[in-house]
**Q** 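One structure, pasted below without further comment.
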Amino acid sequence: MHVTHLSLADFRSYARAEVPLGPGVTAFLGPNGQGKTNLVEAVGYLATLGSHRVAADAPLVRSGALRAVVRAQVRQGEREQLVELELNPGKANRARINRSSQVRPRDVLGIVRTVLFAPEDLALVKGDPGERRRFVDELVTARAPRMAGVRSDYERVLKQRNSLLKSAAMARRHGGRAMDLSTLDVWDQHLARSGAELLAQRLDLLAVLGPLADKAYERLAPGGGPVAFEYRGPVVGASREELYTGLLAALGEARKQEIERGVTLVGPHRDDVLLRLGELPAKGYASHGESWSYALALRLAAYELLKSEGHEPVLILDDVFAELDARRRSRLAELVAPAEQVLVTAAVPEDVPEGLEGARFTVADGEVAPA
Ligand SMILES: Nc1ncnc2c1ncn2[C@@H]1O[C@H](COP(=O)(O)OP(=O)(O)OP(=O)(O)O)[C@@H](O)[C@H]1O
Ligand SMILES: [Mg+2]
């Protein structure tokens with residue numbers, strides 16, 4: 001699939017932007033701070049309902065404006081669709097498909113798919129478990145958009161269970177009435193049910209992604225691997241049923257501690273993925289260059305996976321070439337060049353490797369113009 005037109009209204013630095021796009025490579029060039037990343041961030045938002053740079057929507061709305069609109073015309077084979085998201089920080093976002101009446105934002109998932117490479121990706125390897133969970137869950141959702149619903153169910157149950165545990169912890173500390181634990185049992189079941197579904201999808205994903213990441217790493221940094229993943233959590237079962245009973249049991253074991261601490265201590269929201277490079281964990285051991293290659297390999301593997309499953313995504317390379325040495329630069333360029341659509345940002349044209357020729361836009365003073 002590819003995006004044939006991107007429209008922005010009050011998104012980031014743009015009051016308005018209209019950007020016609022074609023298949024193949026498009027590069028956005030211009031000095032720092034001119035709005036190149038803002039453009040590709042908008043495309044990424046349509047695919048994930050989130051930004052790769054910030055956790056909340058507020059910074060995405062142009063300063064002084066109340067809401068932002070991101071709209072894209074998307075072509076998938078012969079089919080054309082228009083997707084539109086309206087971002088209303090502090091209120092519910094709205095969505096439309098083909099100008100028809102409102103749908104839920106999560107209903108647009110799956111129309112635009114992206115794999116976005118950015119300088120922030122280094123955190124996948126070096127950062128907190130939350131970075132890796134987000135990577136995994138976004139990819140889980142790109143493969144199966146219905147998982148957005150499962151994830152939001154899980155988050156909702158987790159929040160309610162946490163507030164129950166918090167009041168139980170308070171009551172305990174202040175000698176109040178003990179909580180009726182049967183309520184907690186019900187929440188445990190809800191949490192274990194959506195938790196097991198998410199866990200099953202994560203494990204399935206990692207099983208197929210691992211070999212692809214290993215292959216990608218070998219192409220980027222020959223002889224430097226192997227690369228392998230290990231899921232880190234209290235429950236790693238085979239079937240959904242086993243994961244469910246495993247999670248319930250783990251919650252049971254943790255309950256006393258949870259009531260003391262007032263927070264849910266087990267579940268997919270606490271898990272991590274150990275990224276191995278050779279015999280060692282990448283985090284804490286890999287060099288800067290190795291960590292970079294690892295992060296790129298994760299994104300390339302995500303691309304290969306979605307493509308092999310019939311969901312060729314838009315590849316977005318935000319300012320990544322400037323970070324790489326000449327060899328990895330040209331390797332990466334070779335690997336991404338055949339994709340249906342590649343959007344590249346760079347401050348200087350020399351940072352776009354040969355082999356990624358295509359359309360060019362200059363981005364300056366809030367204007368996006370053909371170069
Ligand atoms: N909500 C907002 N309202 C107004 N301006 C914003 C908003 N968010 C970001 N900006 C502005 O957008 C600019 C950054 O845009 P962007 O990150 O796209 O730059 P860039 O061209 O990618 O730069 P670089 O080459 O440094 O990566 C900054 O000047 C910032 O002040
Ligand atoms: Mg940028």
Side-chain angles (χ1 to χ4, degrees), residues 3 5-21 25-72 84-94 105 112 114-124 127 131 292 295-296 299 314-324 328-329 332-333 336 341-353 356 358-371:
V3 175
H5 193 94
L6 177 70
S7 305
L8 305 179
D10 291 329
F11 184 88
R12 289 282 197 184
S13 52
Y14 293 99
R16 294 208 65 96
E18 299 293 336
V19 188
L21 294 166
V25 179
T26 301
F28 298 99
L29 304 167
N32 296 135
Q34 298 298 306
K36 305 180 296 292
T37 299
N38 294 347
L39 290 174
V40 293
E41 183 180 40
V43 180
Y45 194 96
L46 290 168
T48 60
L49 305 182
S51 154
H52 69 288
R53 294 195 286 187
V54 286
D57 284 348
L60 305 180
V61 175
R62 192 165 69 96
S63 152
L66 285 177
R67 65 182 68 84
V69 177
V70 181
R71 191 182 299 130
E84 183 180 312
L85 284 173
E86 183 185 286
L87 282 60
N88 298 300
K91 286 189 284 177
N93 290 347
R94 307 209 288 184
V112 177
T114 57
V115 170
L116 195 155
F117 297 70
E120 287 81 359
D121 287 349
L122 209 47
L124 290 176
E131 305 279 350
W292 247 116
L296 294 173
R299 295 294 182 195
V314 176
L315 280 182
I316 298 174
L317 298 135
D318 181 23
D319 229 357
V320 290
F321 292 110
E323 310 266 347
L324 304 177
R328 278 179 308 173
R329 229 183 229 219
L332 181 61
V336 301
Q341 186 170 47
V342 188
L343 308 179
V344 182
T345 76
V348 289
E350 302 79 73
D351 280 347
V352 182
L356 284 187
R360 294 198 164 193
F361 287 90
T362 24
V363 182
D365 302 324
E367 295 284 321
V368 187

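Just so you know, these numbers use all the heavy atoms, side chains as well, and skip hydrogens, waters and symmetry mates. Indexing begins at 1, ligand by ligand and atom by atom, following the structure's order. All figures in this text were calculated on a predicted structure; none of them were measured in a lab.
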**Q** For N88, does the CG atom have more than 12 heavy-atom neighbours from other residues, nucleotides or ligands under 6.0 Å away?
**A** yes
**Q** Decide, yes or no, whether a salt bridge links R67 with D10 under the criterion of side-chain N to carboxylate O below 4.0 Å.
**A** no
**Q** At less than 4.0 angstrom from any non-hydrogen atom of Q34, what atoms of ligand 1 do you find?
**A** 19 (O), 20 (P), 21 (O)
**Q** Just checking, is any N or O donor in the side chain of H5 or E18 under 3.5 Å from an acceptor N or O on the other one?
**A** yes
**Q** Looking at atom 30 (C) of ligand 1, tell me if a protein heavy atom falls under 4.0 Å from it.
**A** no
**Q** Is atom 16 (P) of ligand 1 less than 4.0 angstrom from some protein heavy atom?
**A** yes
**Q** Provide the number and element of each atom of ligand 1 under 4.0 Å from a heavy atom of R53.
**A** 17 (O)
**Q** Starting from atom 5 (N) of ligand 1, locate the nearest protein heavy atom and write down its residue, its atom name and how far away it is, to 0.1 Å.
**A** S13 CA, 3.6 Å
**Q** With only distance considered, is G30 within less than 3.5 Å of ligand 1 through an N or O on each side?
**A** no
**Q** Has ligand 1 got any nitrogen or oxygen that is less than 3.5 angstrom from a nitrogen or oxygen of L60?
**A** no
**Q** May I ask you to check whether N38 brings an N, O or S atom to under 2.8 Å from the Mg ion (ligand 2)?
**A** no
**Q** Please determine which of N38, V19, L8 meets the side chain to side chain contact (heavy atoms under 4.5 Å, CB included) test together with V368.
**A** V19
**Q** With heavy-atom distances below 4.0 Å as the criterion, list the atoms of ligand 1 near D319.
**A** 27 (O)
